[in-house]
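What follows is a single structure, written as structure tokens, with notes after it.
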Number of protein chains: 2
Amino acid sequence: MNDSELISVLSRRGIRPTQQRIAVYKYLLTHPEHPSADTIYRALVEEYPVFSRTTIYNSLGALIEAGLVRQVNICADEQRFDATVTDHGHFFCKECGKVYDFGFDSPAMVSRLCPRGFIKEQGDVFFTGICKHCYSF
Amino acid sequence: MNDSELISVLSRRGIRPTQQRIAVYKYLLTHPEHPSADTIYRALVEEYPVFSRTTIYNSLGALIEAGLVRQVNICADEQRFDATVTDHGHFFCKECGKVYDFGFDSPAMVSRLCPRGFIKEQGDVFFTGICKHCYSF
DNA sequence: GCATTTGTTTGTATTCATTACAACTTTGCT
DNA sequence: AGCAAAGTTGTAATGAATACAAACAAATGC
Ligand SMILES: [Mn+2]
Ligand SMILES: [Mn+2]
Ligand SMILES: [Zn+2]
Ligand SMILES: [Zn+2]
């Protein structure tokens, strides 16, 4: 996705496509490893020497509000962020610390887990354990 | 579960059944609302006037290590704790802040969501939205 | 163009959950 | 009892997230 496409995506979602928001969103799109706010900050401050930590939080908040980004409660100590907003699962490897995405064979099945009468806005399936790569040794 | 039963449960799991650990575990067993460390602290310090916050964290750590308690990453700002360690789902209501437990019609189905080759130790299904009680008005 | 307003960014100060630490106490064992 | 290991306590430190106000930028109206 090039810059003009990003601009129109943000505009369509009703938020002003500022340079900072685009940079944060682009970082998330190109780094699907669920980075933390601090990871994003340290990466972007290299590229744009003047970039505030607060702006990272503000931009993430705006992007979340707009439905382009979601937060993932995978680690207890810090919040992680994800530009993939369609329902998908996460596997956290205790060994290497990586967070893997995985899809569902039948997404409807996951929605069916939600109890009757409860209005689901977001769903998350989260597994913890040992990943494929760390297990084979 | 009475105190002598609790003592034997903790002993069987290899941790010393101290008065504090028993109090924390009993609180979690009798308060299935997924309390935070601070909530547990404020409740127990009433009963046992000398009770340190650190001890809450230490006890929770020991109980988690022993597999009797697990942490639930449902709120971004604080950790919640749960004495129900069998696989079950959580629904967080954005309106009232309550966390509801729910079971799975077929638990095997949830395990089947885990991608091939990944060794699952713990599974969580989280939904966020509006609960049954907050929706009807 | 210029003034006004509204929204955004920035840096700093603050909050607050969690962790680190060291002194003290309790428990288990001989 | 005497000793060592484990557990508890209070305080200090850490660090992610938020609050805030000043500076800045973009939009709007004239
Ligand atoms: Mn993801
Ligand atoms: Mn639960
Ligand atoms: Zn791994
Ligand atoms: Zn509710």
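Per chain, numbering begins at 1; letters A, B, ... match sequence-line order.
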Integer-rounded Å distance: [N] [atom2] and [X] [atom1]:
{"X": "F81(A)", "N": "dA16(D)", "atom1": "CZ", "atom2": "P", "result": "12 Å"}
{"X": "D77(A)", "N": "dT19(C)", "atom1": "CG", "atom2": "P", "result": "8 Å"}
{"X": "Y41(B)", "N": "dC16(C)", "atom1": "OH", "atom2": "P", "result": "16 Å"}
{"X": "F51(A)", "N": "dT10(C)", "atom1": "CZ", "atom2": "P", "result": "6 Å"}
{"X": "I7(B)", "N": "dG28(C)", "atom1": "CD1", "atom2": "C1'", "result": "16 Å"}
{"X": "R80(B)", "N": "dA17(C)", "atom1": "CZ", "atom2": "P", "result": "12 Å"}
{"X": "I40(A)", "N": "dA16(D)", "atom1": "CD1", "atom2": "P", "result": "13 Å"}
{"X": "R53(B)", "N": "dC21(C)", "atom1": "CZ", "atom2": "C1'", "result": "18 Å"}

Ignoring hydrogens and angles, state whether a donor on the side chain of Y100(A) or H133(A) is under 3.5 Å from an acceptor on the partner side chain.
yes

Are side-chain N/O atoms of T39(A) and S36(A) paired as donor and acceptor at under 3.5 Å?
yes

When you measure from the side-chain N and O atoms of [X] to the phosphate of [N], is any distance below 4.0 Å, counting only OP1 and OP2?
{"X": "Q20(A)", "N": "dT10(C)", "result": "yes"}
{"X": "Y57(A)", "N": "dA17(D)", "result": "yes"}
{"X": "T54(A)", "N": "dT10(C)", "result": "no"}

First of S52(B) and R16(B) reached from the 5' end of DNA chain D, by closest nucleotide:
R16(B)

Please determine which of T128(A), D82(A), N73(A) meets the side chain to side chain donor-acceptor pair (under 3.5 Å) test together with H90(A).
D82(A)

Have a look at R21(B) and say if it touches a base, only the backbone sugar-phosphate, or nothing, with a 4.0 Å heavy-atom cut-off.
sugar-phosphate

Counting the atoms with a prime plus P, OP1 and OP2 as sugar-phosphate, which does T18(A) contact under 4.0 Å by heavy atoms, base, sugar-phosphate, or nothing?
sugar-phosphate

Charged N to carboxylate O under 4.0 angstrom, D105(B) versus R112(A)?
no

Is a salt bridge present between K98(B) and E33(B), judged by a nitrogen-to-oxygen distance below 4.0 Å?
no

Quick one: which of dT10(C), dT8(D), dT18(C) gets closest to the side chain of E78(B)?
dT18(C)

